[in-house]
Amino acid sequence: MNTLHSYKLSVKWTGNQGIGTSNYKDFDRSYSIQIKKKAHVLGSAHPQFRGDKTKHNPQELLLASVSSCHMLWYLHLCAEEKIVVTDYVDNATAILEETKDGNGKFSSIILNPTIMVSEKGIIENATALYKKANEFCFVANSLNIKVDLQPIINSQD
């Protein structure tokens, strides 16, 4: 039997300027993601869609979810295999294709981590585990696009 995990949060629109959505240009796209006992995340639409560029947008949050989920699985697998990772920075990118009618979807997500491991002799295994992590990443497995992997793995020695 599969194990089910439940997640709960509230997304609260904070952009009512006093007249609601009476006109497309008369409301702010700001919102707050609220999760019990955690700091609120302030969000807005992407600036191109009338959003606040100082706040996180849904597209960035999706990319961050894929990148961080993949990283956490990778670190987990490395720890199990006694591969010591000492640094991990992912400069992830994504492309959203918007159609003329305003519809759109992500066409690519690329994870570009630079990973440091403790010794040169484990780089091959560390690379194999990076690809294996993709099989386990809950978020990536929930998407209908392929997540491309382009890791750079170096050693401290």
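No experiment lies behind these values; they were computed from the predicted model shown. Start at 1 with the first residue, then count along the sequence.
The structure places OG of S65 at 13.5 Å from CZ of F138, a figure rounded to the nearest 0.5 Å. Rounding to the nearest 0.5 Å gives a distance of 11.5 Å between NZ of K53 and NE2 of H46. Separating the SG atom in C137 from the CE atom in M71 is a distance of 10.5 Å, to the nearest 0.5 Å. L42 CG to T14 OG1: the interatomic distance, rounded to the nearest 0.5 Å, is 7.0 Å.
Counting non-hydrogen atoms of neighbouring residues, nucleotides and ligands closer than 6.0 angstrom, the CG atom of D101 exceeds 12 such neighbours. A 6.0 Å sphere centred on CD1 of I95 holds no more than 12 heavy atoms belonging to other residues, nucleotides or ligands. The number of heavy atoms from other shown groups lying within 6.0 Å of CD (E80) is above 12.
The list of side chain to side chain donor-acceptor pair (under 3.5 Å) pairs with a residue in residues 143-157, not counting sequence neighbours, reads K146-D148, S155-D157.
Taking the six-membered ring for Trp and the full ring otherwise, the centers of W73 and H76 sit less than 6.0 Å from each other.
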Exercise for review: Go through the steps for K12 and Q34 under the test side chain to side chain contact (heavy atoms under 4.5 Å, CB included), then give the verdict.
Suggested key: CA-CA 8 Å; K12 179 177 175 42; Q34 303 170 1; 3.7 Å; yes
Point to revise | Full working for ring pair (Phe, Tyr, Trp, His ring centres under 6.0 Å) between H70 and Y130 | key: CA-CA 8 Å; H70 195 281; Y130 188 80; 4.4 Å; yes
Exercise for review: Take E98 and N103 through the side chain to side chain contact (heavy atoms under 4.5 Å, CB included) test and state the conclusion after the steps.
Suggested key: CA-CA 6 Å; E98 184 182 1; N103 194 353; over 6 Å; no
Point to revise | Residue pair I115, D87: steps toward the side chain to side chain contact (heavy atoms under 4.5 Å, CB included) verdict | key: CA-CA 6 Å; I115 302 165; D87 195 38; over 6 Å; no
**Study point:** Steps toward side chain to side chain contact (heavy atoms under 4.5 Å, CB included) verdict (L111, I109)
**Key:** CA-CA 7 Å; L111 303 183; I109 293 177; 4.3 Å; yes
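Minimum heavy-atom separation, N112 to N91: ND2-O, 3.1 Å. A pairwise comparison of heavy atoms in N134 and N141 identifies O-OD1, 3.7 Å as the closest pair. Minimum heavy-atom separation, S44 to G51: OG-CA, 3.3 Å. Here the closest non-hydrogen pair linking L61 and H56 is CD2-CB, 3.9 Å. In plain terms, the two heavy atoms of F106 and L96 that are nearest each other are N-CD1, 3.7 Å. Nearest heavy atoms, A140 versus V147: CB-CG2, 3.9 Å.
Geometric assessment of R29 against the ring of F27 yields a positive cation-pi assignment under the 6.0 Å and 45° thresholds.
Looking at R50 and K25, their side chains come closer than 4.5 Å, going by heavy atoms from C-beta outward. Between V84 and V117, every side-chain heavy-atom pair lies at or beyond the 4.5 Å cut-off. Contact check for T127 versus E124: no side-chain heavy atoms found under the 4.5 Å cut-off. Looking at heavy atoms from C-beta onward, Q17 lies in side-chain contact with D28 at the 4.5 angstrom threshold. Side-chain contact check for Y74 versus F136: every heavy-atom pair is 4.5 Å or farther apart.
Linking ILVMFWY side-chain heavy atoms closer than 4.5 Å, directly or via other members, places L129 and L72 in a single hydrophobic cluster. Follow the hydrophobic side-chain contacts under 4.5 Å out from L77 and you reach V85 in the same cluster. Under a hydrophobic clustering in which Ile, Leu, Val, Met, Phe, Trp and Tyr are joined whenever their side-chain heavy atoms come within less than 4.5 Å, directly or via other members, L62 and Y31 fall into different clusters. Note on I153 and M116: separate hydrophobic clusters, where clusters join Ile, Leu, Val, Met, Phe, Trp and Tyr whose side-chain heavy atoms are under 4.5 Å apart, directly or indirectly. Hydrophobic clustering (ILVMFWY, side-chain heavy atoms < 4.5 Å, transitive): I123 and I152 are in distinct clusters.
Looking at S22, its side chain does come within 3.5 Å of a backbone N or O of I19 through a donor-acceptor pair. Of the possible donor and acceptor atoms, none in the side chain of E81 sits under 3.5 Å from a partner among the backbone N and O of C78.
No side-chain N or O of D52 forms a donor-acceptor pair with one of S30 less than 3.5 Å apart.
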